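Structure first, commentary second.
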2 protein chains.
Amino acid sequence: MDTKTRMIETATKLFQQRGYKAVGLNELLQACGITKGALYHHFPGGKEELLIACLQSLNETLTRDIELLFNSAPSTEIAARAVIGEMIKDLDRDGTIAGYTFSSIVSEMSLLSESARDACRALYEKIESIFYAKLIEDGFSCDRASSVSLFLTASIEGGLLLCRAQNSSIPLQTISNVIPELMKEF
Amino acid sequence: MDTKTRMIETATKLFQQRGYKAVGLNELLQACGITKGALYHHFPGGKEELLIACLQSLNETLTRDIELLFNSAPSTEIAARAVIGEMIKDLDRDGTIAGYTFSSIVSEMSLLSESARDACRALYEKIESIFYAKLIEDGFSCDRASSVSLFLTASIEGGLLLCRAQNSSIPLQTISNVIPELMKEF
DNA sequence: ATAGTAAAACAGACCGGTTGGTATGCCGAA
DNA sequence: TTCGGCATACCAACCGGTCTGTTTTACTAT
């Protein structure tokens with residue numbers, strides 16, 4: 001794997017787990033096994049340009065992973081529960097999640113960097129659009145699908161925050177269990 | 001108002017808006033209108049001790065504010081929508097929320113400081129317990145009330161993240177509109 | 001095949017500024 | 001005169017970023 005890709009993959013995990021500011025440049029370089037020269041060669045804009053690249057890369061990998069789960073699921077309900085199941089698996093194994101969220105980045109960068117905020121917005125939009133498409137496939141109306149996809153995205157992100165605060169995967173499990181009842185309503 | 005209280009109130013807002021690491025010590029002192037001497041006089045443990053104090057203070061004020069809204073509302077549904085309404089009001093007025101959330105702190109501190117994580121856990125627990133009590137009052141079973149209170153908390157927190165990413169209050173408005181349909185189901 | 005060369009891919013020393021934190025000094029009230 | 005409640009001066013460590021220098025790669029002319 002080439003250096004640039006390795007940098008992005010490693011940095012993405014670190015940023016997702018601990019946020020942007022909390023990850024120092026030296027720590028980042030050490031984790032990637034590179035030096036400053038390499039970083040500023042590939043990303044002249046420094047740390048922030050790397051962050052943007054991470055968010056864009058995340059957009060692609062996330063889309064691929066989630067779409068894979070969605071394509072092999074018969075309904076939005078089962079697909080959503082599968083996604084949450086993956087998150088719970090990661091959480092129980094590693095004690096942290098570095099695959100499906102970026103809440104730390106959103107909350108600290110939304111006021112600081114317009115481009116970072118926009119990259120995050122695009123990411124959420126992408127996730128919602130996958131939910132949306134599947135909901136339409138399930139026979140939901142456009143309005144309903146739009147509301148529900150947003151609601152699902154929000155409750156999963158929020159559930160993850162609760163998991164982090166409790167240091168447990170139970171909140172996400174609860175949310176996963178509630179989803180079927182939620183979907184019936186619409 | 002005495003110095004210590006002023007420090008906590010000002011710092012709380014800053015930490016809520018931008019997270020812990022992103023707020024520098026000097027910026028903090030300047031915003032509070034104090035010096036390092038005062039900070040380390042009142043909080044020998046420094047920045048982190050101040051953060052813990054902020055979270056505990058937030059626990060009290062948040063409880064008071066939310067309980068006030070809940071006491072004057074006839075049902076959980078209306079109460080929850082009132083809480084979200086307050087958030088939307090803040091968001092539209094200031095462009096940011098500094099009253100009802102602390103997601104930035106959770107995500108970046110949960111792995112870093114056990115005591116900070118625990119303070120956040122207590123905060124979420126308190127919020128959920130208010131929802132829970134009102135749901136019981138509404139005639140929900142214990143199990144249902146427990147699930148729904150968690151679900152409401154999660155979706156509100158998640159909705160706020162989406163608002164931050166989109167720089168708009170629409171996600172929270174959508175969630176507020178979906179809640180009645182959600183409550184009917186249970 | 002080989003030597004020459006230019007560009008890409010790094011490495012690492014160095015920089016000014018900022019970080020959180022400490023030690024000491026001052027000053028009004030009790 | 002003692003003591004809480006600060007202010008000021010200062011510190012080492014670290015920050016993200018720039019700089020110059022070296023190695024590796026790719027291509028070409030001979």
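This is a predicted model, so every value here is computed, not measured. Every chain is numbered from 1, with letters handed out A, B, ... down the list of sequences.
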How about Phe102(A) and Tyr20(A): are their ring centroids closer than 6.0 Å? no

For the pair Phe151(B) and Phe151(A), name the ring-plane relationship: parallel under 30°, tilted 30 to 60°, perpendicular over 60°. tilted

Between Glu9(B) and Lys13(B), is there a side-chain N and carboxylate O pair less than 4.0 Å apart? no

Can you check salt bridge (charged side-chain N to carboxylate O under 4.0 Å, His left out) on Arg64(B) and Glu60(B), steps first, answer last? CA-CA 6 Å; Arg64(B) 185 165 32 78; Glu60(B) 291 162 24; over 6 Å; no

Does the ring center of Tyr132(A) lie less than 6.0 Å from the ring center of Phe140(A)? no

d(CD, Gln30(A); P, dC14(D)) in whole Å: 12 Å

We want to know whether Thr63(A) and Glu67(A) form a side-chain donor-acceptor pair, criterion being a heavy-atom distance below 3.5 angstrom. no

I need the minimum non-hydrogen distance between Ala31(B) and Thr10(B), along with the two atoms involved. O-CG2, 3.7 Å

Going by heavy atoms closer than 4.0 Å, what residues in residues 5-19 of chain A are next to DNA chain C? none

Can you tell me the distance, in whole Å, between the CG atom of Leu28(A) and the P atom of dC15(D)? 11 Å

Using a 4.0 Å cut-off on protein heavy atoms (strictly under), produce a 5'-to-3' string for nucleotides 6-25 of chain C with B for base contact, S for backbone-only sugar-phosphate contact, and - for none. --SBBBBB-----BBBB---

Indicate, with yes or no, if Leu111(A) and Ile105(B) share a hydrophobic cluster defined by side-chain heavy-atom contacts under 4.5 Å among Ile, Leu, Val, Met, Phe, Trp and Tyr. no

